[in-house]
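Since the model is a prediction, treat every value here as computed from it, not as a measurement. In this chain, numbering begins with 1 at the start of the sequence shown.
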Amino acid sequence: MGKATENIKRTKPKAVELKKSASSTRELLKTRESKELILGFSGAVGCGIDLALDTTKQILESNGYTVEIIKLSRIISDLDHKEELSIKHNPPVDRFMTLQSAGNALREKYGNDILAELATSKITEKRTSTIPNNEDIESHVPEKTAYLIDQLKHPEEVEFLWSVYGKLFVMIGVLASYNLRKSHLKSSGINVSDAEKIIDRDRKEDEKHGQQLDKTLLFADFFVRNNLSSSHTTDQVERLIKLIHGANGITPSQHEYAMYVAYSAGLRSACMSRQVGAAITDKKGNILATGCNDVPKAGGGLYNESDKKEDYRCVNFRDSKCSNDVYKNTLKDNIKNILINEATISNDVAEKLVESISKNTRLKDLIEFSRSVHAEMDALTSIARTGGIATQKGLLYTTTFPCHNCARHIVAAGIKKVFYIEPYEKSLALELHGDSIDIETDDSSKLQIIHFEGVAPRRYLHFFTPKGERKDNSGNAIRIPVRDSTKKNFEYLDSYRVLEMKVVKQLAEAGLIENPDASK
């Protein structure tokens, strides 16, 4: 037998051993996958978040999960004595108001993510209570458990939970119309006037450490619209749980696809304030046009990345300043000078008055000095440039609630429905055009502006990319019930450095590498 043949014979067992080692290593790593799930909930006050929580709990329990609910309001109340937060439990309106103030006080004293830190502590406490006395924390593999956090009100709370739990964390945004939220508060014993005050405060927190629900909800992975029936909420939550576990055969809805297109269009914007996207479809969901908020250019359309040296968007124009902010500040200076010269008050007093005027009037919300075309208008003018497409009875998707300027043009274009992502109906559109616009109704004679629901566009690829093979060798669809399925995206219980050492140890035991401990 030649040397070449001998070499082949010697390498064969090594190759077999390598295959065996790789397989056993994968099995070892699989045992370190976390079976836990962290679901954060966020929604405007009065949105009916308890229905979404209870529904989610029931669905998860029916699929083999143990469910623990972490209520941030209870955590705040438990801190009442230690922090002297003065949580009042009666009447209900005082409880809402004092909880809001207490949350703000905690964020100011300990940082904007403090409530997420306290929620993490509660999760650790509950998990530790299930560990047998003879088992240490590091080796313990928690059972299939879901922790539902009620509720998140600041974006830094979401960012903290992401940093700790990674792919285990999923955020659910719960949305409801203004009238329904007011009705929910009224049913809890709060009169209409107080309900309006609570909603208004929940919406307008201007304090640095106050609630920032608008920004928080933009981090949601999935939206549930609570304006409909409880069975509808159940259907939506069931779909989300299936998507989390990579269920086969679930594809984007017409609305999810269109909103993803709108979101993608918004990423083209270089606006220094925020990126907004829009898409117009026909009633069957075919995309007719897209738009984003940016500066128009001669000849039609907007400046974009391909314009290079002739890209005159605000970030590249003159002093790289937002023109809207420049002119609003000029307006504030004009008001201050009038107060000083005509009311004969000091500069310091005038400055304080101007800041108060700006904070408590629509001065801070003026948008007329911007150089940018709004996303909805960009989509409409795109159709006007190309021609041949009717917008009447079409659908418009936008990542924000339309301003009153866009709203009147949307009405005039004959659009039938607008779907948007935001917790509040916060423009003058309804006040100025209530004769032509309705919120969350089925009035076929008016433009309907409706909360978007379903998979958030920022998580579109994550949820709709297949988990694995979709059919077996015989061509049959692979369908694994949630109860028997692992999550589509998981996190390991160990850090990557611990996992590295587990792999090295497996390879050393197979004789494929030297044992790193032997050299010590």
Side-chain angles (χ1 to χ4, degrees), residues 155 158 162 170-171 173 175 214-215 217-223 225 239-240 243 250-297 300-308 311 313-315 370 372-386 389 391 394-403 406 410 413 415 417-423 449-466 488-489:
V158 181
W162 270 343
V170 177
M171 182 174 156
L175 306 172
D214 279 19
K215 294 179 181 179
L217 273 175
L218 293 178
F219 287 113
D221 301 305
F222 192 88
F223 294 98
R225 186 152 52 101
R239 183 168 179 266
L240 169 62
L243 284 168
I250 302 179
T251 57
S253 69
Q254 172 183 326
H255 301 314
E256 288 168 330
Y257 170 66
M259 189 60 82
Y260 175 68
V261 172
Y263 175 82
S264 300
L267 298 179
R268 297 178 299 173
S269 170
C271 179
M272 292 186 284
S273 296
R274 60 177 175 174
Q275 293 175 310
V276 181
I280 298 174
T281 76
D282 61 21
K283 62 183 179 181
K284 293 183 179 179
N286 299 305
I287 304 295
L288 304 180
T290 62
C292 69
N293 59 320
D294 227 324
V295 180
K297 65 178 180 179
L302 312 179
Y303 289 111
N304 58 62
E305 193 70 20
S306 63
D307 291 313
K308 298 181 180 178
D311 179 356
R313 291 179 287 185
C314 295
V315 69
S370 173
S372 290
V373 170
H374 287 194
E376 301 93 322
M377 291 304 301
D378 182 32
L380 287 171
T381 55
S382 294
I383 290 178
R385 284 198 310 275
T386 56
I389 304 173
T391 57
L395 309 178
L396 189 146
Y397 297 81
T398 175
T399 54
T400 65
F401 191 91
C403 74
C406 287
I410 293 168
I415 296 293
K417 294 181 181 179
V418 172
F419 294 89
Y420 69 100
I421 296 176
E422 262 185 342
I449 303 184
I450 301 168
H451 276 126
F452 167 80
E453 71 174 343
V455 173
R458 54 178 294 277
R459 297 303 298 273
Y460 185 89
L461 295 178
H462 166 80
F463 278 123
F464 294 118
T465 300
K488 182 177 180 179
N489 289 88

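Here the straight-line distance linking atom SG of C406 with atom CD1 of I415 works out to 12.0 Å at 0.5 Å rounding. Rounding to the nearest 0.5 Å gives a distance of 9.5 Å between OG1 of T290 and CD1 of I383. Distance check, rounded to the nearest 0.5 Å: CG of D378 to CG of D294 gives 8.5 Å. L395 contributes atom CG, which lies 7.0 Å from atom NE2 of H255 (distance to the nearest 0.5 angstrom). The distance from the CZ atom of F463 to the CD1 atom of I250 is 10.5 Å, given to the nearest 0.5 Å. F219 contributes atom CZ, which lies 7.5 Å from atom CZ of R458 (distance to the nearest 0.5 angstrom).
Y263 approaches T399 most closely through the heavy-atom pair CA-CG2, 4.0 Å. Heavy-atom minimum distance, C292 versus G266: CB-CA, 4.0 Å. Across every non-hydrogen atom of V276 and A375, the tightest pair is O-CB, 3.5 Å. Minimum interatomic distance between P296 and L302 (heavy atoms only, all atoms of both residues): CA-CD2, 3.8 Å. In plain terms, the two heavy atoms of I280 and A379 that are nearest each other are CD1-CB, 3.7 Å. The shortest heavy-atom contact between R239 and S253 is NH2-N, 3.9 Å.
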Stepwise side-chain contact (heavy atoms from CB on, under 4.5 Å) test for N286 and T281: CA-CA 5 Å; N286 299 305; T281 76; 5.8 Å; no
From CA spacing to verdict: side-chain contact (heavy atoms from CB on, under 4.5 Å), T398, V418: CA-CA 7 Å; T398 175; V418 172; 4.0 Å; yes
F222 vs R459, side-chain contact (heavy atoms from CB on, under 4.5 Å): CA-CA, chis, key distance, verdict: CA-CA 8 Å; F222 192 88; R459 297 303 298 273; over 6 Å; no
Chi angles and distances behind the side-chain contact (heavy atoms from CB on, under 4.5 Å) call for E453, M259: CA-CA 10 Å; E453 71 174 343; M259 189 60 82; over 6 Å; no
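Counting heavy atoms from C-beta on, the side chains of R313 and E305 come closer than 4.5 Å. In this structure, the side chains of T465 and K488 come closer than 4.5 Å at one or more pairs of heavy atoms.
Among I449, I450, T400, the single residue meeting the side chain to side chain contact (heavy atoms under 4.5 Å, CB included) criterion with Y420 is I449. Between Y397 and the options Q254, E376, E256, K417, a side chain to side chain contact (heavy atoms under 4.5 Å, CB included) holds for only Q254.
Counting only N and O atoms by type, the side chains of N293 and S269 include a donor and acceptor under 3.5 Å apart.
Looking at H451, its side chain never comes within 3.5 Å of a backbone N or O of I421 through a donor-acceptor pair.
For the pair K284 and D282, the salt-bridge criterion is not met [side-chain N within less than 4.0 Å of a carboxylate O].
Between Y257 and Y460, the ring-plane angle classifies as tilted under the 30° and 60° cut-offs.
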